[in-house]
Number of protein chains: 2
Amino acid sequence: MIEDDDRIRMSLGLALEDEGYTVRSAGTAEEGLAAQRADPADTVLVDLMLPGIDGFECIRQLRRDGDVPIIVVSARDDTHDVVAALEAGADDYVIKPVAVKELSARMRALRRRARPAQASTLTLVFGELEIRPQAGEVLLHGELLSLTRTEFRLICELAEHAGLVLSRQQLLERVWEYDYGDDRLVDVHIGRLRQKIEDNPSVPSRLITVRGLGYKLQR
Amino acid sequence: MIEDDDRIRMSLGLALEDEGYTVRSAGTAEEGLAAQRADPADTVLVDLMLPGIDGFECIRQLRRDGDVPIIVVSARDDTHDVVAALEAGADDYVIKPVAVKELSARMRALRRRARPAQASTLTLVFGELEIRPQAGEVLLHGELLSLTRTEFRLICELAEHAGLVLSRQQLLERVWEYDYGDDRLVDVHIGRLRQKIEDNPSVPSRLITVRGLGYKLQR
DNA sequence: CGCGGTTTGTCACGCAACTGTCATAGATCC
DNA sequence: GGATCTATGACAGTTGCGTGACAAACCGCG
């Protein structure tokens, strides 16, 4: 929720939590946008009258970053504002004060329409290597590889953070869901993965060792 | 547009045509539903106060037939009605009299969210395999297969997410509506389904096992 | 209400594939 | 040159999957 009026933020936030939502709120567009980038919510409520960046611009920026459902919650009951907000990329526009039940129903209705957050992760491409987390497929030179589950989860994890070094411990946590574990285990699986995704496994070009730190997938 | 008041139908219809829409209208839910079945519109506007079948029931039936965007245009400004209409499957609710510009903007906003051409889920085609969820038919090489209810729901679920891996737990939830369940159960039914839809059931080419993850229907 | 046939869920078993461990060999750094 | 880090082959234990058999539940029908 991006809303500058503290009281509304408080009361609406609590009311929505009663409805079962988890609410995070920001007092300015800048804060809200940053929060949405850092850790995206699955629905955004935004006021139009904001200090600094105004609501319309805020909507446009949210839209540029992704296709999160956006509902305007505004005190202004004016056709021009409604049209402008929807044009900017909002999905719905309700007038304050709003019945929480109605807002909640509108959020649910909108959620039904929202694309199941896949557009971004459908295919990750790294040159000749393509990874489709949803489809459980990895292709090299256009050909389907047969990876084991561990190999698959490992490469997905690396691909989601392509270019960043992940330590063995991080990988153990995320792929194996171990709290601790033997670093060698990661090595072994990296090795097996290289056999499959590297053109020359002994001289890795995609799955890179960063000595002392961990591994990364070359962008 | 499903609306029983002739004057509103007239004026709103003309106004929307000015906005560039092609409008067809019906005076009762029965007429409107029939029209939508015969030649689906890409957005439906519906009043709540209708003679015969009322607006809520009309929405439910439209929803059962497909996922056309539905906007309620009602004179009643009542939270209960809004919530009920949205629960029934409507996507938006505006109060009469409504500014045409606003209605038009809401229609456009909704259209952005509408799944492109999934309205035509009449037949899902996978090579020689055709699935008609609405008709309850599955054809292989043009011939009608006789599937059990479970097999049918299973293949529909897989077909709706063709190319994506569905885990056994996901399938249990969606096909069986179990919250938990035995993974073997899914295996067994997948096996039975393969007997019917695979040319060589022991070497599946359509209904693919993704080891450690689940199953998917090959696009 | 009872009767056939069909559908459904459970189970146990066997095969194939996968996993983690270890030991050894190799690479890199200072 | 020694210390540290990484790669890899082999192996035994485990897991995941497919399947046939079977009993319970269901269904249409007389």
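Per chain, numbering begins at 1; letters A, B, ... match sequence-line order.
- Between dG18(D), dT6(D), dT10(C), one nucleotide has an atom nearer to the side chain of L185(B) than all others, and that is dT10(C).
- There is no side-chain donor-acceptor pair under 3.5 Å between R106(B) and T43(B).
- Between R153(B) and E177(B) there is a salt bridge, since a side-chain N of the basic residue sits under 4.0 Å from a carboxylate O of the acidic one.
- Atom OG1 of T150(A) and atom CH2 of W176(A) lie 6.5 Å apart (nearest 0.5 Å).
- Annotation: proximity of residues 211-219 of chain A to DNA chain D (heavy atom, distance under 4.0 Å) is found for R211(A), G212(A), Y215(A), numbered in ascending order.
- Sequence order on DNA chain C of the closest nucleotides to L147(A) and S146(B) puts S146(B) first from the 5' end.
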Please write out the pairs of protein N or O atoms and N or O atoms of nucleotides 23-26 of chain D separated by less than 3.5 Å, giving the distance to one decimal.
none

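- What separates CD of E151(A) from C1' of dG20(C) is a distance of 13 Å, to the nearest Å.
- Residue-environment remark: NE2 (H80(B)) stays at or below the threshold of 12 foreign heavy atoms within 6.0 Å.
- For dT6(D), the OP1/OP2 oxygens have no side-chain nitrogen or oxygen of T209(A) closer than 4.0 Å.
- At a threshold of 4.0 Å, the pair K96(B)-E3(B) counts as salt-bridged, since one of the basic side-chain nitrogens sits closer than that to a carboxylate oxygen.
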Inset, instruction - Show your reasoning for whether side-chain contact (heavy atoms from CB on, under 4.5 Å) applies to T148(B) and R192(B). - result: CA-CA 10 Å; T148(B) 71; R192(B) 289 172 181 161; over 6 Å; no

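- Computed from C1' positions of five pairs at each end, the angle between the two local axes of the helix from dC1(C)-dG30(D) to dC30(C)-dG1(D) equals 50°, rounded to 10 degrees.
- Candidate nucleotides dG20(C), dA7(D), dT19(D) were compared by shortest atom distance to the side chain of R194(A), and dA7(D) ranks first.
- The CD1-C1' distance, from I190(B) to dG9(C), rounds to 15 Å in whole Å.
- The side chain to side chain contact (heavy atoms under 4.5 Å, CB included) check on S167(A) picks up Q169(A), Q170(A), with sequence neighbours excluded.
- L213(A) CG to L164(A) CG: the interatomic distance, rounded to the nearest 0.5 Å, is 12.0 Å.
- The distance between atom CG of N200(B) and atom P of dT19(D), rounded to the nearest whole Å, is 10 Å.
- Of the charged side-chain nitrogens involved, at least one lies within less than 4.0 Å of a carboxylate oxygen, so that D199(B) and R206(B) count as a salt-bridged pair.
- Rounded to whole Å, atom C1' of dA7(D) lies 14 Å from atom CG of L193(A).
- Of all the residues in residues 169-180 of chain A, W176(A), Y178(A) reach under 4.0 Å from DNA chain C with at least one non-hydrogen atom.
- Protein atom NE2 of H189(A) is 13 Å distant from nucleotide atom C1' of dT8(D), rounded to whole Å.
- The side chain of T148(A) has dC18(C) as its nearest neighbour among dC11(C), dT8(C), dC18(C).
- Closest approach to the R168(B) side chain among dA21(D), dT19(C), dC17(D) is made by dC17(D) (side chain taken as heavy atoms from C-beta onward).
- When all heavy atoms of L86(B) and A109(A) are compared, the pair lying nearest together is CD2-CB, 4.2 Å.
- A donor and an acceptor atom never sit less than 3.5 Å apart when one is taken from the side chain of R192(A) and the other from the base of dG9(D).
- For the pair Q195(A) CD and dG9(D) C1', the computed distance is 10 Å after rounding to whole Å.
- Nucleotide dG20(C) holds its C1' atom 16 Å from the CZ atom of R153(A), rounded to whole Å.
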Legend entry - Test side-chain contact (heavy atoms from CB on, under 4.5 Å) applied to L110(A) and I70(A), step by step: CA-CA 9 Å; L110(A) 186 49; I70(A) 301 173; over 6 Å; no

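- Rounded to whole angstrom, the span from the CG atom of L207(A) across to the P atom of dT8(D) amounts to 11 Å.
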Inset, instruction - Test side-chain contact (heavy atoms from CB on, under 4.5 Å) on Y21(A) and M1(A) and set out the steps. - result: CA-CA 12 Å; Y21(A) 294 95; M1(A) 173 170 16; over 6 Å; no

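- Nearer the 5' end of DNA chain D, as judged by each residue's closest nucleotide, is the contact made by V188(A), out of V188(A) and D183(B).
- Ion pairing of D91(A) with R111(A) is absent here, as no side-chain N (NZ or NE/NH1/NH2) approaches a carboxylate O to less than 4.0 Å.
- Residues forming a salt bridge (Lys or Arg N to Asp or Glu O under 4.0 Å) with E31(B) (at least two apart in sequence, or on another chain): none.
- Under a cut-off of 6.0 angstrom, the local environment of CZ in R63(B) is crowded, with over 12 non-hydrogen atoms contributed by other residues, nucleotides or ligands.
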